[in-house]
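Written below as structure tokens is the structure these notes are about.
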Amino acid sequence: MLSGSRSHNRLRGVRGPVLAASAVCLAMTALAEPELEEIVVRADASVAAMQGKAGSVATVDADAVSLARASHVHEIMVRIPGVWISRGSGQEHLAAVRSGVLTGSGACGAFLYLENSVPIRPPGFCNVNNLFELTTEQAAAIEVVRGPASALFGGNALHGVVNAVTATSAEGWRASVEAGPYRYLRTRVTGGDAGWRLDAMSTSSSGYRDDTGYGQQKVHLGAEGEAAGWDVVTTFTATLLNQETGGFVRGFRAYDSDARRSNPNPEAYRDAWSARAASVWRRDLASSTALTVTPYLRRSSMAFLQHFLPGQPLEENGQDSAGVQVRLGGDGGWRWTAGAALDAFDARLSQRQEGPTRGSPFLVATRPPGTHYDFSVRGLTLAMFYDAGVDLGTGLEVVASARLERNGYGYDNLHLDGNTRDDGSACGFGGCLYTRPADRDDAFTNAAGRLGLYWSTPGGRGFHLVTGRGFRPPQATELYRLQRGQLVTDLDSETLRSVEAGMRGVGERLDYEVALYAQTVEDLIFRDANGFNVSDGRTKSAGIEFAIAWNAGSHTLDVAGTHARHRYGFTRDVGGGERIMDGNAVDTAPRWMGSARWRFETDRGVSEFEAVYLGSHYLNASNTARYGGHRLLNWRGSWDMSPRVRLFARLMNLLDVAYADRADFAFGSYRYFPGMPRQVYAGIEVKLFE
């Protein structure tokens, strides 16, 4: 049973529909058909098709997504080299793509999250947990571009891009139900016809740790057809998450103690919803050219208790946004695409603390109850871009891409200016912590580029050499959510310069890909020792990534690995009493990480063993605390019990290892999100009718 926290009633309400759907699923078993559908990924929805071969793009296909049946996006992303999605409480997460795990209000701006190549959030108002707004559980493919991709996809594609591709057609109707420990229950329904498709999912769990239950629902509808000579694909996605959130457990190796099931913050919660609609209109023109116009609409809202801050203020935020992308391209004597994009948003954020802060006199005086922030931001992004590939013969292609983008913000403070209390009075100890700048406008103009070579040989091998520049503008929360008397920020956009060389090969039994890269981030935005948001940091990274797939009949071995070094390139005192030294390792950035899978397939079933490795790494910027890493073993399988019924199961953390999903060191203490012990999940999938 869940405790009496505020999420309890919502979660209990989720279970009724879930159980009803389960009953329908089982009742319709007799109507099932044996074959699984073939899912086709559309070129207009794929970033891999846009990126081309001059760079590193990894794709997790529909079969892998279906077999993994991930209960958290982390479980599917371990298949991709250079990527680490650090699991938080419930569906929360932090991301790393050729980087350390990034934190802070604007860290989400370093990664661009797309659905069918359309951004799910406006460029200046991201959220670090954006991935739970994607329908990764029922995607036709999950694609990741590693390295700067702003030239092709725009601001926020600093370190890379994650794209969830959805299908727009189906072969009949399918339903599944899956159950596991801690009252885990998930139902999924997929159905449609040649011109449309519906995917729906509902998941609930009481949580492994105390008071960490959640309910999550996602629905996606896609349709394709023709209108007035245009090929049209329209999609709609809605997501809902209600979760009780667990806080860090504290103490060295607390994840391997009786504290691992505890929750120091049973009062914490996160409620979030999102809705998106997009329509892709494509028309073939003369001379092997095509025009594509993609308008889209987005809305999202979130409320969460900031249990990690003294005083535990409640943040509420939301955004309404719309945009359009226009692309004109051809593939005659040479491949080319040119276009423009417009994205506008209206966002709001408030932070309010109900009661007095507990702690030292300094904390009590500087973190008063009442409203800390209340502001709105209107943003407009305008961009022009092109991408071209010229075949020089003998398998050699030159690629060049460029983008010019301007991000403008209009900030409106809806509360008192300055760093006063809610009633306008001054705080002790030199002033309140929270500072509200006066109304202002800001704009950032950035350019990104990519230049590369790709050489393919008749034997199925390919080699690429590419250099690129990416950027991400400051986020609204970095510009206007200030502290300690900083009345005005003077931030620059972060930029990343990269050079990469790689090779790949495709054979009858062996496929492989290797990439070596070196990159530098300039104007890194961080909070200094005075609590000011500044943009004069620098990091340097270099690494090697590899992916190998070996097939021998019914046996397949997949290996993905990364060895990288991420280092700070500046010296500075920063928040929390830490000091960064030039040459220090970036915190939460393992040198080694990887995974391997051995899969055995028969006509009636699949069995897959998976090993996941996360190397040792520092937990703070001053490099005084470390997490030793971990090794996990998982198993997944499915079996066609009959031509009409498919059974599936997952055994996660098979060896029952005690580990941390996320490790941290702050305020003089080790802090962890404990990983779950051994878990067994099982379910059934049927095809309902044609």
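- Side-chain atoms of Ser595 come within 3.5 Å of backbone N or O of Val78 as a donor-acceptor pair.
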Decide salt bridge (charged side-chain N to carboxylate O under 4.0 Å, His left out) for Arg87 and Glu75; before the verdict, give the C-alpha distance in whole Å, the side-chain angles of both, and the deciding distance to 0.1 Å. CA-CA 9 Å; Arg87 179 167 15 199; Glu75 296 172 11; 3.2 Å; yes
Is there a salt bridge (charged side-chain N to carboxylate O under 4.0 Å, His left out) between Glu92 and Arg270? Walk through the geometry before answering. CA-CA 9 Å; Glu92 296 174 350; Arg270 182 183 298 269; 2.8 Å; yes
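- Checked by atom type and distance alone, the side chain of Thr59 never pairs as donor or acceptor with a backbone atom of Asp61 at under 3.5 Å.
- Partners of Phe111 by ring-ring contact (aromatic ring centres under 6.0 Å, His included), not counting sequence neighbours, listed by chain and number: His159.
- Side-chain N/O atoms of Ser46 and Glu143 include a donor and acceptor closer than 3.5 Å.
- Looking only at side-chain heavy atoms (C-beta outward), Glu224 and Asp231 stay at 4.5 Å or farther from each other.
- Under 4.0 Å is where a charged nitrogen must lie from a carboxylate oxygen, and between Glu115 and Lys218 no such pair does.
- A donor and an acceptor atom, one from each side chain of Ser202 and Thr187, are nowhere located under 3.5 Å apart.
- With sequence neighbours excluded, the residues satisfying ring-ring contact (aromatic ring centres under 6.0 Å, His included) with Phe375 are Tyr411.
- The nearest pair of heavy atoms linking Phe132 to Gln216 is O-NE2, 3.7 Å.
- At distances below 3.5 Å, at least one donor-acceptor pair connects side-chain atoms of Arg450 with backbone N or O atoms of Gln51.
- Taking 4.0 Å as the cut-off between side-chain N and carboxylate O, Arg348 and Asp346 do not count as a salt-bridged pair.
- Contact check on Glu178 versus Arg636 returns no salt bridge, with no Lys/Arg side-chain nitrogen under 4.0 Å from an Asp/Glu carboxylate oxygen.
- Judged by distance alone, with hydrogens and angles left aside, the side-chain atoms of Arg146 form a donor-acceptor pair with the main-chain N or O of Pro81 at under 3.5 Å.
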Assess whether salt bridge (charged side-chain N to carboxylate O under 4.0 Å, His left out) is satisfied between Asp387 and Arg335, documenting all intermediate values. CA-CA 8 Å; Asp387 175 52; Arg335 175 187 57 82; 2.8 Å; yes
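- In this structure, a donor-acceptor pair under 3.5 Å is present between the side chains of Ser300 and Gln319.
- Using modelled atom types, one side-chain atom of Gln475 and one backbone atom of Pro123 make a donor-acceptor pair closer than 3.5 Å.
- Taking 4.0 Å as the cut-off between side-chain N and carboxylate O, Arg599 and Asp558 count as a salt-bridged pair.
- Checked options Asn116, Ile120, Thr135; the residue passing with Thr237 is Thr135 (criterion: side chain to side chain contact (heavy atoms under 4.5 Å, CB included)).
- There is no side-chain donor-acceptor pair under 3.5 Å between Thr190 and Arg174.
- Figure legend: Arg69 and Phe648 shown as a cation-pi pair, the cationic atom lying under 6.0 angstrom from the six-membered ring centre and within 45 degrees of its axis.
- Salt bridge annotation for Arg98-Glu500: present, with a cationic side-chain nitrogen under 4.0 angstrom from a carboxylate oxygen.
- The salt bridge (charged side-chain N to carboxylate O under 4.0 Å, His left out) test with Asp343 singles out one residue from Arg298, Arg378, Arg406, and that residue is Arg298.
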